[in-house]
Novice: 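Below are the structure tokens for one structure; questions will follow.
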Amino acid sequence: MESRYSLRFESGERRGETIPISASGFTIGRRPGSSLQVLDNSVSGRHAEFLIDDQGVTVRDLESTNGTRVGEMRILEQRITHGDHVFLGSVEFVLLDEKLGGARTALEALAKTKTVPGPDGLQRVSADLVARSKKVSRPGIVVLVLAVAAGGTWWWLNRGGGGSGPAQKLPEPVAGDLLADEFSFESDHDTWSNAENAPQGFYRTAGARRSGGLGVSTDLAAGEWALYRSRDLHADVGREYVVRAALRADGGARLQVGLEFTRAGDAALAGPGPFVALSEAVAEGGFEEREVVAVAPPGYDVVHAVLLARASAAGGSTAADDASVVERANQTPPAAQVTEYRLLTQGAPATHALLFKGDRVLFSGLEFTRPGATPVWDAVPMEASADGKRIVLAAKGAHEVAVLRCEAPLVAGGIATLGSGADAGFKTHASEFERAGVKDLLLGGKGDFVRFTFDAPVKVVGRAEGAAVRVAIEGLASGKLVLQLEFKEEREAAGNLAYAARNAEKKGELGESLAQWSTLLDTYPYEDALVAEAEAARVRLYAKGLSEVRDVRAESERARFFRLVDLYRQCRDKVLAIGRRYAKSDVEREANALAAEVERDLAGLEADLDRAERARLAAILAVLEAQNATGLAAEVKSYLDARPAPAAAAKD
């Protein structure tokens, strides 16, 4: 008994083929064993199931990667009826109900079927169509062949050698193309889309074609841009993707083809930021082939083909046709690698870089550009090299700005800078920060650590982007970044400094301990535990030293109030001892300042007391001289003469 329901391919090489749906359940997938095996990369191993009951047909998605849609709506399970279009990934089917019209006529099937031009320019039915024609009645075959002949004659007269216009070649499908029937912009269900924030957009037009009947074009005024993006294509980590297109630009416009990597659904908000690998641009001239190859890094599961157009001071137009995206095994090694850290550069030529370790993307979208330039479009080519524990990224030409997105694994480990000049030293930062005079930028911790070093001090600005931070490095005179990723020697040096700092504290040499901890932070802040210990020790020791100085200051205030010379002298000796224990630190400077203050007060008090004592002795001398006690008077006079007069008394 024939099945009432069937599915007809509406896309791909099998376009036009009709498959009956068995009443016992019908599955479609890429793996053998499915009721219908579809060898398309957008179709999952077990993609969808079609169920027939008394009410009709139900389609159910089997947790496929690229989803199942009925029309434009993605579904999990839905009742469908005659004429409904069902998409499994990028493969399109239409449901046919024999009671409501069944299969279309041979002429209508022909319109859905691939034909190929012969050497004489006439359209001929492909071999697979001839094989399938056994399912059509003999009169249908006659109509089919006549239609093909008529169509071929029309092509010969209007497109081929018999017409007045130039011959127009048919689109040439690319094996394994993930864009399927949309590769040449000929499909009647174009799912490419323009960027919403772009001032201009691409549109399909015959004037932009290189093959077939349609291409895409955009018209740009001065300074305008447009971005055209294909539908979501599933990306497998570690696989290589190749996008190719025929591009043309006129006037002051430029056009590039590229691959944009991102994450699907809500994961895009938490995962690494999107990035684009772009081809070399085409400028004035006819169609030129452009290609770019990019590897899907960890953290990304969606890739789009993109067309990016921009006009300079003069406006212009662009055209593109015959775009394709092919997945293949990775043939491109990392641009540079240090231990487990791998750096990928993307673009042809390479204009963007990202760093990952294992399955963690540490930073994405690093690019060199100029102050005030537009991201992506104005990025310049770069080169990458490794020297054992460092990666060097150099812009081809002097460009003063580098921009990168620090992803959540690095941000969670912390952000810090080492300054130079008047603002020298180690500082930690929140997501929003700005610091000039930076000689080192430190990102991460807990095993994921990156140090950027600069030939000359730069300005670093950080701005939060969700869990990530966008970092701009301004003032790169050399157009070069050095990334240190291996810190074995530095960690050993930090360990030695920590050991010396602890021992100095045990000996009471607190200034030396502070100096060792400060050197660790300002030179080797690469071990989380030691950095935390150093910062805690500095806070604790400074607090202890300043507390001791405050205690002595309180005692000196009591000595001043009661004019106690001996207490003043004790305060002076105590605070000088504190300064010696905290030598070469801020505590020593505070202690020495208080010691000088106490010394001035003590000198004033002693001068006051000395003036009073001289006055008393002078009165005694006067009495002795009045009584002619010459011996005693001589001794008192000798004592007064030997005792220097106070400074204040000398001025009187």
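Along the sequence shown, residues are numbered consecutively beginning with 1.
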Novice: Is there a donor-acceptor pair closer than 3.5 Å between any side-chain N or O of Arg204 and the backbone N or O of Phe185?
Specialist: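 Flag set: sc Arg204 to bb Phe185 pair under 3.5 Å.
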
Novice: Mind checking what makes salt bridge (Lys or Arg N to Asp or Glu O under 4.0 Å) contact with Arg470, not counting sequence neighbours?
Specialist: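 Expected list: Glu465.
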
Novice: Begin with the C-alpha distance, continue with both residues' side-chain angles, and end with the deciding distance and a verdict on side chain to side chain donor-acceptor pair (under 3.5 Å) for Thr68 and Asp61.
Specialist: CA-CA 6 Å; Thr68 300; Asp61 184 78; 2.6 Å; yes

Novice: Check Cys406 against Phe363 and note the closest heavy-atom contact, atom names and distance.
Specialist: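 In this case the closest contact between Cys406 and Phe363 is CA-CB, 4.2 Å.
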
Novice: Please step through side chain to side chain donor-acceptor pair (under 3.5 Å) for the pair Asp321 and Ser184, ending with a clear verdict.
Specialist: CA-CA 6 Å; Asp321 200 6; Ser184 191; 3.2 Å; yes

Novice: Between Tyr241 and Val292, does a side-chain contact (heavy atoms from CB on, under 4.5 Å) hold up when you go through it step by step?
Specialist: CA-CA 8 Å; Tyr241 293 84; Val292 67; over 6 Å; no

Novice: For Arg231, enumerate each residue passing the side-chain contact (heavy atoms from CB on, under 4.5 Å) test, keeping only those at least two apart in sequence or located in another chain.
Specialist: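 Listed in chain order: Ser90, Ala180, Glu182, Thr191, Leu233.
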
Novice: Output all residues satisfying ring pair (Phe, Tyr, Trp, His ring centres under 6.0 Å) with Phe275, sequence neighbours left out; order by chain, then residue number.
Specialist: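 Partners of Phe275 by the ring pair (Phe, Tyr, Trp, His ring centres under 6.0 Å) criterion, ordered by chain and then number, come out as Phe261, Tyr300.
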
Novice: Might you point out which heavy atoms bring Gly365 and Leu354 nearest each other, and give the distance in Å?
Specialist: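 Minimum heavy-atom contact is N-CB, 4.3 Å.
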
Novice: Closest approach of Ser11 and Glu92, non-hydrogen atoms and distance?
Specialist: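 Taking every non-hydrogen atom into account, OG-N, 2.9 Å.
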
Novice: Please give me the minimum heavy-atom distance between Leu344 and Pro334, naming the atom from each residue.
Specialist: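 Leu344 and Pro334 have their closest heavy atoms at CD2-CA, 4.0 Å.
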
Novice: Contact between Val325 and Ser230 at the side-chain level, heavy atoms closer than 4.5 Å - yes or no?
Specialist: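 When only atoms from C-beta onward are counted, Ser230 and Val325 do not touch, as no gap falls below 4.5 Å.
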
Novice: Using side-chain heavy atoms (C-beta onward) and a distance below 4.5 Å, is Gln37 in contact with Arg31?
Specialist: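 With C-beta onward as the side chain, the pair stays apart.
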
Novice: Within 45° of the six-membered ring axis of Phe87 and under 6.0 Å from that ring's centre, is NZ or CZ of Arg69 located there?
Specialist: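 Positive - Arg69 is close enough to the ring of Phe87 and near enough to its axis.
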
Novice: Determine whether Thr27 and Leu36 make a side-chain contact, defined as any pair of heavy atoms from C-beta on separated by less than 4.5 Å.
Specialist: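 No, too far: nothing below the 4.5 Å cut-off.
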
Novice: Going by heavy atoms in the side chains, are Arg229 and Glu260 under 4.5 Å from each other?
Specialist: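 Sidechains of Glu260 and Arg229: in contact.
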
Novice: Is the backbone N or O of Gly213 less than 3.5 Å from a side-chain atom of Glu186, with the two atoms forming a donor-acceptor pair by type?
Specialist: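 Confirmed, Glu186 side chain pairs with Gly213 backbone.
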
Novice: Where do Phe26 and Val59 land on the side-chain contact (heavy atoms from CB on, under 4.5 Å) test, with the steps shown first?
Specialist: CA-CA 10 Å; Phe26 187 83; Val59 59; over 6 Å; no

Novice: Heavy atoms, side chains only, cut-off 4.5 Å: are Glu10 and Arg8 in contact?
Specialist: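 Yes, side chains in contact.
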
Novice: Would you check, one step at a time, whether the test side-chain contact (heavy atoms from CB on, under 4.5 Å) holds for Glu289 with Arg244?
Specialist: CA-CA 7 Å; Glu289 291 274 354; Arg244 184 182 292 111; 3.3 Å; yes

Novice: So, Glu240 side chain and Thr332 main chain: donor-acceptor pair closer than 3.5 Å or not?
Specialist: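 The answer is yes, because a donor-acceptor pair under 3.5 Å joins these two groups.
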
Novice: Determine whether Val293 and Arg328 make a side-chain contact, defined as any pair of heavy atoms from C-beta on separated by less than 4.5 Å.
Specialist: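 In short, these two side chains touch, coming nearer than 4.5 Å.
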
Novice: Between Ile19 and Phe93, does a side-chain contact (heavy atoms from CB on, under 4.5 Å) hold up when you go through it step by step?
Specialist: CA-CA 10 Å; Ile19 308 295; Phe93 299 87; over 6 Å; no

Novice: I'd like to know whether CD of Glu196 has more than 12 heavy-atom contacts from other residues, nucleotides or ligands below 6.0 angstrom.
Specialist: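 At most 12 heavy atoms, drawn from other residues, nucleotides or ligands, come within 6.0 Å of this atom.
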
Novice: Hey, does the side chain of His82 reach the backbone of Asp97 with a donor-acceptor pair shorter than 3.5 angstrom?
Specialist: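 Yes: the side chain of His82 pairs with the backbone of Asp97.
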
Novice: Going through the distances and angles, do Ser364 and Glu407 end up as a side chain to side chain donor-acceptor pair (under 3.5 Å)?
Specialist: CA-CA 7 Å; Ser364 62; Glu407 301 296 346; 2.6 Å; yes

Novice: Is there side-chain contact between Tyr228 and Leu308, with heavy atoms separated by less than 4.5 Å?
Specialist: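 Contact flag for Tyr228/Leu308 side chains = no.
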
Novice: Are there over 12 heavy-atom neighbours, none belonging to Arg46, within less than 6.0 Å of that residue's CZ?
Specialist: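 Incorrect, the count does not exceed 12.
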
Novice: Is any side-chain heavy atom of Trp192 closer than 4.5 Å to one of Val216?
Specialist: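 Contact flag for Val216/Trp192 side chains = no.
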
Novice: Assess the side chains of Asn66 and Ser42: does a donor N or O sit below 3.5 Å from an acceptor N or O?
Specialist: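 Side chains of Asn66 and Ser42: no pair found under 3.5 Å.
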
Novice: Kindly indicate, with the supporting measurements, whether the criterion side chain to side chain donor-acceptor pair (under 3.5 Å) is fulfilled by Asp232 and His304.
Specialist: CA-CA 6 Å; Asp232 289 0; His304 306 102; 2.5 Å; yes

Novice: Write down the atom of Ala208, the atom of Phe287, and the distance for their closest heavy-atom approach.
Specialist: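 Heavy atoms of Ala208 and Phe287 come nearest at O-CZ, 3.2 Å.
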
Novice: Identify the two heavy atoms, one from Ala323 and one from Asp177, that lie closest to each other, and give their separation to 0.1 Å.
Specialist: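 What the structure gives for the nearest pair is O-OD2, 3.9 Å.
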
